[in-house]
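For reference, the structure discussed in these notes is given below.
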Amino acid sequence: MADEIVLLSGWPSMFGMRVRVALAEKGLKYEYREEDLRNKSPLLLNMNPVHKKIPVLIHNGKPISESMIIVEYIDGVWNHKSPLLPTDPYQRAQARFWADYVDKKLYDIGKKIIWSTKEEDHETGKKEFIECLKLLERELGDNPYFGGENFGFVDVSLVTFSCWFHTYESYGNFSIETECPKLIAWAKRCLEKESVSSSLADPHKIHDYASGVRKRLGIE
Amino acid sequence: MGEEVKLFRTWSSPFALRIVWALKIKGIEYETVFEDLSNKSPLLLQYNPVHKKVPILVHNGRPIAESLVILEYIDETWKQGPLLPKDPYERAMARFWAKFGDDKVLTSIWSVFIKQGKEQEEALVATMENLKFLEEEMKGKKFFGGERIGYVDLALGCLANLISIFEEIVGLKIVDEEKLPLFYSWMQNFAEAPIIRDNWPPRDKMIVKFQALLDAAIASSSSS
């Protein structure tokens with residue numbers, strides 16, 4: 001029986017992009033449906049009634065929400081190709097820990113840089129964001145990927161933020177490459193992979209998108 | 001092979017309790033290290049430099065932090081008494097509900113406890129909406145894990161104790177048996193289950209602790 005896979009997502013979402021990267025890593029065909037988050041489809045509301053958010057993966061009619069939960073699901077079902085999580089329980093725990101760190105910290109801190117109207121929030125956001133990236137850079141060490149020799153779970157969780165880097169830098173007035181050169185090198189290495197380059201949005205389009213939202217919010 | 005398992009915790013941490021339950025359900029021998037969070041030990045800071053929090057599980061000298069990450073590690077390392085289902089879709093659902101518990105349910109219930117006036121009313125509405133989803137999830141089941149306690153029960157389990165403590169302190173009903181009959185039953189069944197019932201922190205100490213937290217919150221909001 002052929003698998004029916006549908007992804008409900010929004011093109012600028014770094015969370016939605018994670019799922020695209022995972023699906024591409026596994027070589028899976030799927031139907032992509034773009035959601036307008038200001039006019040959510042009945043399907044989205046039906047498939048994710050709890051959060052009403054994207055991404056949602058619908059596999060043979062059954063929905064899964066929360067991007068890293070979806071990525072782990074994909075990794076578990078299609079486990080014969082490009083494993084994203086290691087097999088050793090301790091290494092799996094470390095991977096889950098760092099993906100959780102990216103989830104808990106980067107998005108919410110990064111929001112302060114782009115959307116905050118208060119100067120002190122903006123400055124705190126920038127400082128904390130750089131600290132997070134530096135911690136992640138230290139964790140990467142001299143490995144080519146967070147997964148070690150191979151692109152893995154933590155790489156998926158973080159790489160999709162890289163197309164937002166230009167936007168963070170622009171509104172934060174800092175250079176990520178100056179602060180975290182190894183992390184930028186890592187992001188470039190990931191972009192050499194077809195699964196990543198075909199899934200990430202163009203950084204300039206992201207910047208235009210953010211600019212548009214800021215204008216609408218009256219903060220541009 | 002000698003297994004050395006240590007759990008760094010505080011007496012009251014609901015997140016650490018998840019780990020106590022998991023270890024006991026699986027019959028794993030372990031040593032407890034109690035931490036005073038106002039005076040964190042060098043070992044705690046060494047084992048969890050990123051968040052500097054408890055719980056931390058140290059297995060044969062290797063630390064794991066973040067309670068839900070620890071639960072998965074325990075389940076993958078010790079196969080007896082499985083906490084997560086085998087089916088990948090069911091596993092994804094279990095992870096979803098545990099995350100929902102942490103991100104939304106605990107947060108809204110905490111707000112009901114710590115806030116006053118309009119903010120408290122809004123938190124009560126949010127809590128009701130959140131608990132309705134859990135009520136729906138309980139249909140046809142004794143526990144979230146089915147017949148046996150599982151990962152989601154452990155993730156949400158602290159609510160079976162904390163809700164009644166909060167209700168007693170603030171004098172508000174958070175879980176109405178008539179409106180949420182299945183969730184209410186789950187709280188009773190879970191709280192009284194073997195192992196769970198023997199490991200709740202002392203209720204009188206909890207009341208004192210949370211009353212003090214509430215008093216401090218009221219004091220700081222009226223002086224600001």
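Both backbone and side-chain heavy atoms feed into the values below; hydrogens, waters and symmetry mates do not. Treat the numbers as computed from the prediction; the structure is a model and nothing was measured.
- Under a 4.0 Å N-O distance rule, the pair A:Glu72/B:Arg95 qualifies as a salt bridge.
- Here NZ of A:Lys104 is found 3.5 Å from CD of B:Glu66. Values are rounded to the nearest 0.5 Å.
- Surrounding NZ of B:Lys141 are more than 12 heavy atoms belonging to other residues, nucleotides or ligands, all under 6.0 Å away.
- More than 12 heavy atoms of other shown residues, nucleotides or ligands fall within 6.0 angstrom of atom NZ in B:Lys40.
- A salt bridge is defined here as a Lys NZ or Arg NE, NH1 or NH2 lying under 4.0 Å from an Asp or Glu carboxylate O, and A:Arg96 with B:Glu76 meets this definition.
- The shortest non-hydrogen separation linking B:Ala65 to A:Phe97 is O-CD1, 3.7 Å.
- Counting heavy-atom neighbours within 6.0 Å of A:Glu149 CD, excluding the residue itself, gives a total of 12 or less.
- Residue contact with chain A, scored on non-hydrogen atoms closer than 4.5 Å, involves the backbone and the side chain of B:Pro63 alike.
- Other residues, nucleotides and ligands contribute only 12 or fewer heavy atoms inside 6.0 Å of the NZ atom of B:Lys53.
- B:Pro88 approaches A:Val77 most closely through the heavy-atom pair CB-CG2, 3.7 Å.
- Contact of A:Gln94 with chain B is made through the side chain alone, with heavy-atom distances under 4.5 Å.
- Around atom CD of B:Glu29, no more than 12 heavy atoms belonging to other residues, nucleotides or ligands sit under 6.0 Å away.
- Taking a cutoff of 4.0 Å between a charged side-chain nitrogen and a carboxylate oxygen, A:Lys62 and B:Glu90 do not qualify as a salt bridge.
- No part of B:Arg91 comes within reach of chain A, as not one of its non-hydrogen atoms sits under 4.5 angstrom from that chain.
- Atom CD of B:Gln46 is surrounded by more than 12 heavy atoms from other residues, nucleotides or ligands within 6.0 Å.
- For NZ of A:Lys126, the number of neighbouring non-hydrogen atoms (other residues, nucleotides, ligands) closer than 6.0 Å is greater than 12.
- When heavy atoms are compared at a cutoff of 4.5 Å, B:Lys104 approaches chain A solely by way of its side chain, counted from C-beta outward.
- Looking at every heavy atom in both residues, A:Ala93 comes nearest to B:Val69 through O-CG1, 3.3 Å.
- The environment of B:Lys209 atom NZ is dense: over 12 non-hydrogen atoms of other residues, nucleotides or ligands sit within 6.0 angstrom.
- Of all the listed residues (A:Ile64, A:Leu135, A:Ile69, A:Asp100), the one sharing the greatest number of non-hydrogen pairs under 4.5 Å with chain B is A:Ile69.
- A donor-acceptor pair is defined here as one N or O able to donate and one able to accept, closer than 3.5 Å; no such pair exists between the side chain of A:Tyr90 and the backbone of B:His59.
- For A:His51 and B:Phe96, the gap between ring centers is short of 6.0 Å.
- Classified by interplanar angle (parallel below 30°, tilted 30° to 60°, perpendicular above 60°), the ring pair B:Tyr89/A:Tyr73 is perpendicular.
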